[in-house]
Amino acid sequence: MSKKNKTRRPKARLPKGMRDGQAREIRAMNAMLEKIRAVYELYGFEPLETPAFEYSDALGKFLPDQDRPNAGVFSFEDEDKQWLSLRYDLTAPLARYVALNYDGLPKPYRRYATGSVWRNEKPGPGRFRQFTQFDADTVGAPVGAADAEMCMLMADVMEAVGIKRGDYVIRVNNRKILDGLREIVGLADSEHDGKWLTVLRSLDKYDKFGIDGVKLLLGTGRKDDSGDYTKGAELDDNQIQIIVGFVIQFIESLIPLSESNLEEDHDEKLFNKDSAEGPYVLETDDMLEEWRENIFHESEIGLQGVQELEDMLNLFESAGYGTLRIQIDPSVIRGLEYYTGPVFEAEVTFDVKNDKGQVIQFGSVGGGGRYDGLVARFKGIEIPATGMSIGVSRLYTALQALGELEDETTGPMLVLVMDKERIADYQKMTQELRAAGIRCEMYVGGSGMRAQMKYADKRGAPCVIIQGDDERNAEEEMVTIKDLVEGSELSKQITDNKEWREGRPAQFSVKRDELVEAVRLVLKRHTGQEG
RNA sequence: GCCGCUGUAGCUCAGUUGGUUAGAGCGCCUGAUUGUGGAUCAGGAGGUCAUCUGUUCAAUUCAGAUCAGCGGUACCA
């Protein structure tokens, strides 16, 4: 036999950037999705499903072009020469849906949606080419309450899935404030579009690199630890000073906790400062006042942004959401060519470690904002909209790091096939147990009893049902129930295999017609599961 | 895209200063036990040493390139 005769087989492999999901993960994920869904429902949103792909032109700016039809999105040409693309988010399909059904929908229209989205780009750490989003959006509501609601909704979702208050934060900003800032530093002219984009990206790095990093990025550029160099925006010192002054205004607005009128069980984030006066709280009102009077006093759009933020803050305040949950953060940027007003981002604040124990840069688990221009692409009239999106896989990873994902699911109990001639009898027992609501299966493999016991063990079966000749031929027909959970406990004290096997620990026999009742008792003891 | 690190069995890793049959632990399969999961013991399967090219009498080992994974960074609807 030469090597050349080797059969050519396809190699079993996973497409790049894709993942398989296993039982444990799917269960935990479903449980998490259910918690999120419950919050959306509670807020009054309606479910909506749209298809996985849409006509490419409906998805917006990432149209397939002749040269690279799959840049960014996965696309294909239909028989009728029309281009279709897999959706890359859930917002563009929503805009299409609203435009298509506008007349029949209640206005505002509030819906939630979940599903896979696809992006054809190089997968990175924690980034895949297929992933799940879970969105809630309000279409047809002007700026204000609808946006504030999105932030509170995100905070509630975080807590619903098990992230404690203080372990996450919703950071809020307003695009109009940034537009105002642009005016003030004299970059409003469209010839400075590129430069301003660089400024925004620099600001976005504030939470990552701190104020010094932002200064470098606004100026000449910054070299990071890995040796990569990022070109700066090359602003002059005066411009940098204005922007930096704006960003760090909150430091000026911190007052000692002792001077605030907060109660013990406050919902405010505490900051540290080099001083003996103890923890500080952010006086948001002071900060907005400073912005208004010293930064945006000559920018109409800027003042409008400050006003929008203040309106939202008032709603947070009256609803009891303090800065521990939702806080203003002028460095939140997001969707540069997309959002038109308030923008917000949900971030976890605890350390997330990978399986090697390294703390990794985790980033946000969700975000959103106001996109007043999106539906207009179809309708010609501007329909205001605001929404948010939860990155389900990322949130799941974060919860994993928190150890919040307990999997209490036990396997099904197993009816052993002791005698292949009597499968019908075993099947009947199985169905009886199922009819009683007990998760149960009959062994459908081809191996002997020992293998069946191993199978039961591997599946996490709480117990098995045994009926061989001994039970069958007893004076009155019996079945044996072996409690695998208790057996496992007992095995710790037994070292001799013969004793282990012949002792037949943790098993007992009952009359055939008492099977269901006896199983119920065993399950109740171990899993709390009731029939 | 850019920078760095890493690729040897299903998993975690050792090893070869270049030399015939590449190892361990865990896991998996079989048996000791014709009706009993654990433990123990015995046996077994499983590797083109990521791929390709080069240097060499000889490459899993050295060099280069490529690919993949990880981390950072960039981009992010």
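The sequence lines fix the lettering, A, B, ..., with proteins before strands; numbering per chain opens at 1. The figures here come from the full heavy-atom set of this structure, side chains too, leaving out hydrogens, waters and symmetry mates. Bear in mind the structure is a predicted one, so any value in this text is a computation, not a measurement.
Listed for the A/Ser488 side chain is no donor-acceptor partner under 3.5 Å among the backbone atoms of A/Leu484. Judged purely by atom type and a 3.5 angstrom limit, A/Asp89 uses its side chain to pair as donor or acceptor with the backbone of A/Ala92. For the pair A/Asn173 (side chain) and A/Val332 (backbone), a donor-acceptor distance under 3.5 Å is present. A donor-acceptor pair is defined here as one N or O able to donate and one able to accept, closer than 3.5 Å; such a pair exists between the side chain of A/Arg175 and the backbone of A/Arg334.
A/Gln130 and A/Arg119 share no side-chain donor-acceptor pair at under 3.5 Å. In this structure, a donor-acceptor pair under 3.5 Å is present between the side chains of A/Ser509 and A/Thr480. For the 3.5 Å distance criterion, the side chains of A/Ser364 and A/Glu347 fail to qualify, holding no donor opposite an acceptor.
Comparing the P positions of B/A59 and B/A45 gives an interatomic distance of 28 Å, to the nearest angstrom. Separating the P atom of B/C11 from that of B/C5 is a span of 24 Å, rounded to the nearest Å. Nucleotides B/U34 and B/C28 place their C1' atoms 25 Å apart, quoted to the nearest Å. Nucleotides B/C26 and B/A39, compared at atom P, are 11 Å apart to the nearest Å. Taking atom P in both B/G44 and B/A24, one finds a spacing of 12 Å when rounded to whole Å. Comparing the C1' positions of B/A14 and B/A9 gives an interatomic distance of 13 Å, to the nearest angstrom. Taking the P atom of each, B/G15 and B/C3 are spaced 30 Å apart, rounded to whole Å. Nucleotides B/C29 and B/G38 are separated by 10 Å at their P atoms, to the nearest Å.
Residue whose closest nucleotide on RNA chain B sits further toward the 5' end, between A/Asp89 and A/Asp496: A/Asp496.
Residue A/Met453 contributes atom CE, which lies 17 Å from atom C1' of B/U34 at whole-angstrom precision. Going from atom CZ of A/Arg334 over to atom P of B/A77 covers 7 Å, rounded to whole Å. For the pair A/Met449 CE and B/G35 P, the interatomic distance rounds to 8 Å; values are reported in whole Å. The interatomic distance linking A/Phe128 (CZ) with B/C70 (C1') rounds to 12 Å, in whole Å. Residue A/Met18 contributes atom CE, which lies 17 Å from atom C1' of B/G69 at whole-angstrom precision. Rounded to whole Å, the distance from CD on A/Glu502 to P on B/U34 is 10 Å. Atom CZ of A/Arg19 and atom P of B/G69 are 13 Å apart (whole Å). Rounded to whole angstrom, the span from the OH atom of A/Tyr339 across to the P atom of B/A77 amounts to 7 Å.
Between A/Arg111 and A/Leu94 the shortest side-chain heavy-atom distance falls below 4.5 Å. Residues A/Met442 and A/Ile423 have side chains in contact (heavy-atom distance under 4.5 Å, counting atoms from C-beta outward).
Applying the salt bridge (Lys or Arg N to Asp or Glu O under 4.0 Å) criterion to A/Arg129, with sequence neighbours excluded, gives no partner residue. For A/Glu382, there are no side chain to side chain donor-acceptor pair (under 3.5 Å) partners at least two apart in sequence or on another chain. Residues meeting the ring-ring contact (aromatic ring centres under 6.0 Å, His included) test with A/Phe53, sequence neighbours left out: A/Phe76. In terms of the salt bridge (Lys or Arg N to Asp or Glu O under 4.0 Å) criterion, residue partners of A/Lys428 (sequence neighbours excluded) are, by chain and number, A/Glu432. Here A/Tyr455 pairs with A/Tyr443 under the ring-ring contact (aromatic ring centres under 6.0 Å, His included) rule; sequence neighbours left out. A/Glu441 is linked by a salt bridge (Lys or Arg N to Asp or Glu O under 4.0 Å) to A/Arg459, counting only residues two or more places apart in sequence or in another chain. Under the rule for a ring-ring contact (aromatic ring centres under 6.0 Å, His included), the partners of A/Tyr40 that lie at least two apart in sequence or sit in another chain are A/Tyr112, A/Phe134.
The nearest pair of heavy atoms linking A/Pro505 to A/Lys482 is O-NZ, 3.1 Å.
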Pull out every protein N or O sitting under 3.5 Å from an N or O of nucleotides 74-76 of chain B, one pair per line with the distance.
unit_1 : atom_1 : unit_2   : atom_2 : d
B/A74  : N6     : A/Arg127 : NH1    : 3.3
B/C75  : OP1    : A/Arg201 : NE     : 3.4
B/C75  : OP2    : A/Lys205 : NZ     : 3.4
B/C75  : N3     : A/Arg127 : NH1    : 3.1
B/C75  : N4     : A/Arg127 : NH1    : 3.3
B/C76  : OP1    : A/Arg201 : NH2    : 2.9
B/C76  : OP2    : A/Arg201 : NE     : 3.0
B/C76  : O2     : A/Arg127 : NH2    : 3.3

What pairs of nitrogen or oxygen atoms, one from the protein and one from nucleotides 30-33 of chain B, lie under 3.5 Å apart?
unit_1 : atom_1 : unit_2   : atom_2 : d
B/U33  : O4'    : A/Arg501 : NH1    : 3.2
B/U33  : N1     : A/Arg501 : NH1    : 3.0
B/U33  : O2     : A/Arg501 : NE     : 3.4
B/U33  : O2     : A/Arg501 : NH1    : 3.1
B/U33  : N3     : A/Asn497 : OD1    : 3.2
B/U33  : O4     : A/Asn497 : OD1    : 3.2

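A/Gln507 comes within 4.0 angstrom of a base, heavy atoms only.
Listed in residue order, the members of residues 475-494 of chain A having a heavy atom less than 4.0 Å from RNA chain B are A/Lys482, A/Leu484, A/Gly487, A/Ser488, A/Ser491, A/Ile494. RNA chain B lies under 4.0 Å from at least one heavy atom of each of the following residues of residues 464-472 of chain A: A/Ile466, A/Gly468, A/Asp469, A/Asp470, A/Glu471.
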- prompt: With Watson-Crick and G-U wobble geometry limited to distances under 3.5 Å, how should the secondary structure of RNA chain B be encoded in dot-bracket form, using | for bases paired to another strand and [ ] for crossing pairs?
  reply: (((((((..((((.....[...)))).(((((.......))))).....(((((..]....))))))))))))....

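The only option from A/Gln467, A/Met449, A/Gln452 that meets the side chain to side chain contact (heavy atoms under 4.5 Å, CB included) definition with A/Met418 turns out to be A/Met449.
At B/U36, none of the side-chain N or O atoms of A/Trp500 fall inside 4.0 Å of OP1 or OP2 (strictly under the cut-off).
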